[in-house]
Amino acid sequence: MKLTALSVDGFKNLKRVSLIPDPSYNLILGENAQGKTNLLEAIWTLTGCRSFRGTRERDYLPFSGGNLQVEAKFQDARREQSVRLCMVSGTVPEKKIWCNDVPQKSSALFSVFHCVTFTPEDLSLVEGGPERRRTFLDLCSAQLHAPMLGLVRRYQLALQQRNAVLKQRLPEAQAAGLLEIWDRQLEQLGTEIAVQRGIYVRRLAEVCVPLYAQIARGRETVSLHYQSSVFGKDAQDTLPETRTPELVQQYGEKNAAEPQLRPAAGTYGKRGSSGRPAPRH
């Protein structure tokens, strides 16, 4: 996807900003506190996701008061499309979104307007724990496979229900029956999530490895490994394109941790411990 036109008016300190990006790359220069990061944040809002800076939506509105509008045109693999976000100030700001002039919910934009940011905080992908890497994999995978977000939400809900059963003082037989129900759902959903993560890591490696080699000019290389205590060290190479009963059975038998993405470049590869989004026991 390539951004072909952008207009921003009323996003924080930005007023009547228009931009026709260069097709290759663009460098934004300016003094401190003039709105460079605000411009990137305005573009990011068109994904329908929360701000990568943690900004509340009400704080998108201009500092001086009033409404805001962010509009972009972009070229994907099929055609040129447009997306527009408007917010009207008030006690409860009203947000409206259109894609190709058709009203949409925020969640519908994520698989349409593909946007990636990299900030200093993203170094935690390498230095931090596995939860950060799982979130990264899931969000990126959902841009290529829209149902991924639904899978993750259903997994989290099932996990919450299972943990709620553990907290109740139920007769042992009743608790065992309920836990069995939620365990079966977690096995199905967890296996499907692992398969989709494996697919994404394979596709990411196809692009990342040659690009990094080009940037490094052959001085060093990078490789991506999807490590799982269920499906092995290089799960991206062993997991198939679809979930199978055998994989679900393996997931259930291991009752193991969620896989993670582990980068390895030169000598600074960082490996963290694995763990499900929340403890099951």
Side-chain angles (χ1 to χ4, degrees), residues 1 47-50 52 76 99 104-117 125 128-166 178-207 224-232 234-262 272-281:
M1 189 202 88
T47 65
C49 296
R50 291 179 297 178
F52 60 84
D76 61 17
C99 183
Q104 300 285 347
K105 295 182 179 179
S106 296
S107 58
L109 295 181
F110 192 69
S111 59
V112 176
F113 189 80
H114 298 164
C115 186
V116 176
T117 65
L125 282 172
E131 179 63 27
R132 176 75 170 169
R133 291 187 282 276
R134 284 195 294 266
T135 301
F136 171 82
L137 280 177
D138 294 341
L139 289 175
C140 293
S141 177
Q143 291 191 334
L144 302 180
H145 182 67
M148 182 63 170
L149 282 183
L151 286 171
V152 174
R153 291 192 184 107
R154 287 163 57 196
Y155 182 94
Q156 292 171 342
L157 288 173
L159 189 61
Q160 291 172 6
Q161 292 293 333
R162 188 188 192 281
N163 289 340
V165 172
L166 292 174
L178 292 173
L179 291 174
E180 178 71 16
I181 293 172
W182 294 119
D183 281 345
R184 297 291 79 78
Q185 290 196 34
L186 288 170
E187 290 164 10
Q188 296 280 338
L189 294 168
T191 302
E192 182 63 30
I193 290 171
V195 167
Q196 294 304 323
R197 288 174 177 172
I199 292 172
Y200 177 76
V201 171
R202 287 196 293 271
R203 297 185 65 177
L204 178 62
E206 291 173 357
V207 177
L224 299 178
H225 302 273
Y226 186 34
Q227 183 170 313
S228 167
S229 56
V230 178
F231 300 115
D234 291 309
Q236 79 281 356
D237 295 329
T238 58
L239 285 170
E241 295 287 321
T242 58
R243 184 187 66 194
T244 65
E246 292 76 17
L247 287 177
V248 175
Q249 181 180 359
Q250 183 180 351
Y251 191 99
E253 289 175 350
K254 292 281 188 177
N255 190 24
E258 284 280 8
Q260 62 170 303
L261 173 67
R262 180 169 61 88
S273 59
S274 299
R276 277 190 173 170
R280 289 183 56 182
H281 299 290

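Throughout, numbering of the chain's residues begins at 1 and tracks the sequence. These numbers were taken from a predicted model, which means no experiment stands behind them.
With sequence neighbours excluded, the residues forming a side chain to side chain contact (heavy atoms under 4.5 Å, CB included) with Cys115 are Ile43, Trp44, Thr47, Phe113, listed by chain and number. Legend: residues meeting side chain to side chain contact (heavy atoms under 4.5 Å, CB included) with Thr135, ordered by chain and number and at least two apart, are Glu131, Leu139. With sequence neighbours left out, Leu247 forms a side chain to side chain contact (heavy atoms under 4.5 Å, CB included) with Thr191, Val195, Phe231, Leu239, Pro240, Thr244, Gln250.
Atom CD of Gln249 and atom CD of Glu246 lie 7.5 Å apart (nearest 0.5 Å). Of the inter-residue distances, the one linking Leu204 atom CG with Ile199 atom CD1 reads 13.5 Å to the nearest 0.5 angstrom. Atoms CD and CH2, on Glu187 and Trp182 in that order, are 14.0 Å from each other to the nearest 0.5 Å. Note that the CG atom of Leu178 and the CG atom of Leu166 stand 10.5 Å from one another [nearest 0.5 Å]. Here CG of Asp237 is found 7.5 Å from CZ of Arg202. Values are rounded to the nearest 0.5 Å. One finds the SG atom of Cys140 at 12.0 Å from the CZ atom of Arg203 (value rounded to the nearest 0.5 Å).
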Exercise for the section: Take Cys99 and Leu109, measure what side chain to side chain contact (heavy atoms under 4.5 Å, CB included) needs, and give me the verdict at the end. Expected result: CA-CA 8 Å; Cys99 183; Leu109 295 181; 4.2 Å; yes

Handout entry: Check against side chain to side chain contact (heavy atoms under 4.5 Å, CB included), Met148 and Gln143
Key = CA-CA 8 Å; Met148 182 63 170; Gln143 291 191 334; over 6 Å; no

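Side-chain atoms of Gln236 come within 3.5 Å of backbone N or O of Tyr226 as a donor-acceptor pair. Side-chain N or O atoms of Arg133 include one that pairs as donor or acceptor with a backbone N or O of Gly128 at under 3.5 Å.
Residues Ile193 and Leu151 come closest through the heavy atom pair CD1-O, 3.8 Å. The minimum heavy-atom distance linking Leu186 with Tyr251 is given by the pair O-CE2, 3.9 Å. For the residue pair Met1 and His114, the shortest heavy atom distance occurs at CE-O, 3.1 Å.
Between the side chains of Glu192 and Gln196, a donor-acceptor pair is found at a separation under 3.5 Å. A donor-acceptor contact closer than 3.5 angstrom links the side chains of Arg243 and Gln188.
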